[in-house]
**Q** 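Structure in structure tokens, see below.
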Amino acid sequence: MRLAIEVENLQKTFKGKRMVRALDGVSFAVPEGTVFGLLGPNGSGKTTAVRVLTTILRADGGSARVLGYDVQKKAALVRTLIGLAGQYAAVDENLTGRENLQMVGNLNHLPRSFVVRRAVELLDQFNLADAGDRPLKTYSGGMRRRLDLAAALVARPTVLFLDEPTTGLDPQSRNDLWEVIERLVGGGTTVLLTTQYLEEADRLASQLAVIDHGRVIAEGTPESMKADLGATVLEVGLPSIEDALRTGAILDTLGPHASLVTGTLVEVTVDNGPEAAMAGLRALDAEGIRPQTFNLREPSLDDVFLSLTGHRTEDEVAENGDGDGGLSPRQRRKKIRLEQLEAALPVATGELA
Amino acid sequence: MTTAVAEPTVSGAPHSTGVMSNLHWLASDTATLTRRNLLAVTRIPEALFFSTVQPIMFVLLFRYVFGGAIHTDATSYVNYLLPGIFVQTVAFGSVSTSIGLAEDLQKGIIERFRALPMSRGAVLLGRTTADLIRNVFVIVVMTVVGLLVGFRPSTGVLSYLAGVLLILFFAYALSWGFAIVGLSAPNSETAQVMSFPLIFPLTFISAAFVPLSSMPSWLQGFATYQPFSVTVSACRSLMVGPASTGTGRSTSFWVVQSLLWTFGLLIVFIPLAIRKYRTRT
Ligand SMILES: Nc1ncnc2c1ncn2[C@@H]1O[C@H](COP(=O)(O)OP(=O)(O)OP(=O)(O)O)[C@@H](O)[C@H]1O
Ligand SMILES: [Mg+2]
């Protein structure tokens, strides 16, 4: 199978008031005709990677090729092969939907008659036919987003880059968009999409890479990633922090995965949801603990992160800062919980006295 | 492995790299973006207001409020004033180049353009060309307004048109200057705020509204020979005769001065703007 995208040891540092190493040696490969999901929290380097691959930004080091062409040396050619829907809808407020699509078609140097037909086709496909001749000022956020995606498809690109394509879409539009992407891939298009939603990556992508601080920290199929993670997350809310800490210790015994206590909320990933739920409830009952909430849910990207890095997506935990560098994620989490326990103990004993 | 790639999409346009083909696409893409920028002008009522109503108010203000107190020997004040108003109007209008570019950068539209196989130069050319065309429209409107309030050009149609061309050319150079401002600003509001301190002294410490001889002598040197003033004087000479400038210089003197300034500004501004466009991430 030929590769549509090859990225090797890509590096990019933004030099400004603050040096930011946005890409710190990213490598991955995407076979033709597949969907590749790039997952990562805010600021992990997803957009920067997309910008390098779409010839907008020059990398400092490493190489990136699209359909075999180097994105820097063959930028002009690469641009004829790709489509891009950036993270923020890049559409012209003052033009109508149709005019926006036609403008992009003309700038793609497509024949005028084709551009006119293609605009009609895309407006239909994205449920914008009725709004096609209204200026974008009158569009809702979701409509704008859909038009932006339509604009990325005007030239029928061979490789499509979608940077968080469904952020800000309602569930119905999100589903519609997923179907559009699936149809495109059915027709042979290669798609690289970045997302913060595991569900989206799971539904669309055949291969995933998780990046954090400009580095790939995990790669694999959605299935393998979820298998590593446990199929379901059990989430228990407690009335007090002491109860939560005790519950955490109890839930640790349910399976191979360690629990996480955040305030009065305890989460643990489990392989068999209902079974773990029953065992968990029995154990809590035996200890006389009364949970306030008790839920089973799908694992989120946040859970993937937690299990891969030991920190939540929004945490800016210094990776090596406090001497945990040598610990595995699991050990690090245990250590964090022990510290929490220690912090909570004097209070607990004080109340007992 | 580079040979195996399918012919790019449905594109009927061969992406050959010949010079003629490059020029063809540069013209085509510039036309596309010029059209787009002009459509925007017609759809933002504020922009249209800014570029027509405001200069009309200036005309009325100077013609009927301040004008009585300003003495011009060689011609009536309204004849003295209008060429100044023309240049002021296009100069203020060129600020929209900076605002428009900053807005396109901010909204991410230029980001999209950079990933398209379009001519690199078309973004700046399309912007400055649209502003040039808008200026043609604005000068036509201002000429009509001028005639209504008593402006009487007296040198013939050709000479008048030569004056208009000189103004448009000067404004085009200013647009490139303000393109640099727009590409340096973080957003369109800042672009606007950055632009006016540049344009105000040029507009008002000039020959546009009052005779140069009425200014203190230490100011006269700058006020006479700065690019804005020489263009006003050149237009005044071309439209109402060289005596009207009150400087004792000939028409060709001012025309040459204005052309030298305009060429000089273009030679400096165009490469700087292109460089700024290339390096802005
Ligand atoms: N033009 C720029 N100048 C300076 N720093 C930048 C620039 N673009 C991105 N960065 C920094 O590079 C890092 C990676 O940014 P990037 O936009 O690639 O992240 P992301 O994964 O797309 O995040 P998000 O999910 O929020 O979109 C961030 O720390 C960001 O602040
Ligand atoms: Mg991003």
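Within every chain, numbering begins at 1; the chains are lettered A, B, ... in the order of the sequence lines, protein sequences first and strands thereafter.
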**Q** Between T96(A) and chain B, which part of the residue has a heavy atom less than 4.5 Å away: side chain, backbone, both or neither?
**A** both
**Q** Under a 4.0 Å N-O cut-off, is there an ion pair linking R36(B) with E99(A)?
**A** no
**Q** For A76(A) and P117(B), work out which heavy atoms get closest and say how close.
**A** O-CB, 4.4 Å
**Q** Any residues in residues 122-150 of chain A near chain B, with a heavy-atom distance under 4.5 Å, and which are they?
**A**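 Hits under 4.5 Å: K137(A), D148(A).
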**Q** Take T32(B) and Q102(A) through the side-chain contact (heavy atoms from CB on, under 4.5 Å) test and state the conclusion after the steps.
**A** CA-CA 10 Å; T32(B) 301; Q102(A) 291 182 352; over 6 Å; no
**Q** Which heavy-atom pair separates A90(A) from G108(B) by the least distance, and what is that distance?
**A** CB-O, 3.1 Å
**Q** Take atom CZ in R280(B); do more than 12 heavy atoms of anything else shown fall under 6.0 Å from it?
**A** yes
**Q** If the test is side chain to side chain contact (heavy atoms under 4.5 Å, CB included), which one of L84(A), V91(A), L107(A) qualifies with R112(B)?
**A**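 When L84(A), V91(A), L107(A) are each tested with R112(B), the side chain to side chain contact (heavy atoms under 4.5 Å, CB included) holds only for V91(A).
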**Q** Tell me which donor-acceptor pairs under 3.5 Å the side chains of residues 164-173 of chain B have, and how far apart each pair is, sequence neighbours excluded?
**A**
| residue | atom | partner | partner atom | Å |
| --- | --- | --- | --- | --- |
| Y172(B) | OH | T128(B) | OG1 | 3.4 |
| Y172(B) | OH | W176(B) | NE1 | 3.3 |

**Q** As an exercise, state the distance from CG of D104(B) to CG of D92(A), rounded to the nearest 0.5 Å.
**A**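 Nearest 0.5 Å value for the CG-CG distance: 7.0 Å.
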**Q** Contact between S28(B) and N106(A) at the side-chain level, heavy atoms closer than 4.5 Å - yes or no?
**A**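 Answer no - side chains too far apart.
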**Q** What part of R51(A) is in contact with chain B, defined as an atom under 4.5 angstrom from a non-hydrogen atom: side chain, backbone, both or neither?
**A**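 For R51(A), side-chain heavy atoms alone lie under 4.5 Å from chain B.
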**Q** Kindly indicate, with the supporting measurements, whether the criterion side-chain contact (heavy atoms from CB on, under 4.5 Å) is fulfilled by L95(A) and R43(B).
**A** CA-CA 8 Å; L95(A) 301 185; R43(B) 285 177 194 168; 4.2 Å; yes
**Q** Against chain B, label A152(A) side chain, backbone, both or neither, depending on which of its atoms sit under 4.5 Å from a heavy atom there.
**A**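 Interface part for A152(A): both.
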**Q** With a 4.5 angstrom heavy-atom cut-off, is it the side chain or the backbone of I110(B) that approaches chain A, or both, or neither?
**A** neither
**Q** For the backbone of A115(B) and the side chain of R79(A), can you confirm whether one donor and one acceptor N or O come within less than 3.5 Å of each other?
**A** no
**Q** So with a 6.0 Å cut-off around CZ of R215(A), is the heavy-atom count from everything else above 12?
**A**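 12 or below, so no.
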**Q** What residues of residues 7-15 of chain A sit under 4.5 Å from chain B when you count only heavy atoms?
**A**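 Result: none.
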**Q** When only heavy atoms count and the cut-off is under 4.5 Å, which of residues 24-38 of chain A reach chain B?
**A** none
**Q** To the nearest 0.5 Å, what is the distance between CG (L39(B)) and CE (M103(A))?
**A** 10.0 Å
**Q** Is it the case that over 12 heavy atoms from other parts of the model lie below 6.0 angstrom from the CZ atom of F204(B)?
**A**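 Enclosed.
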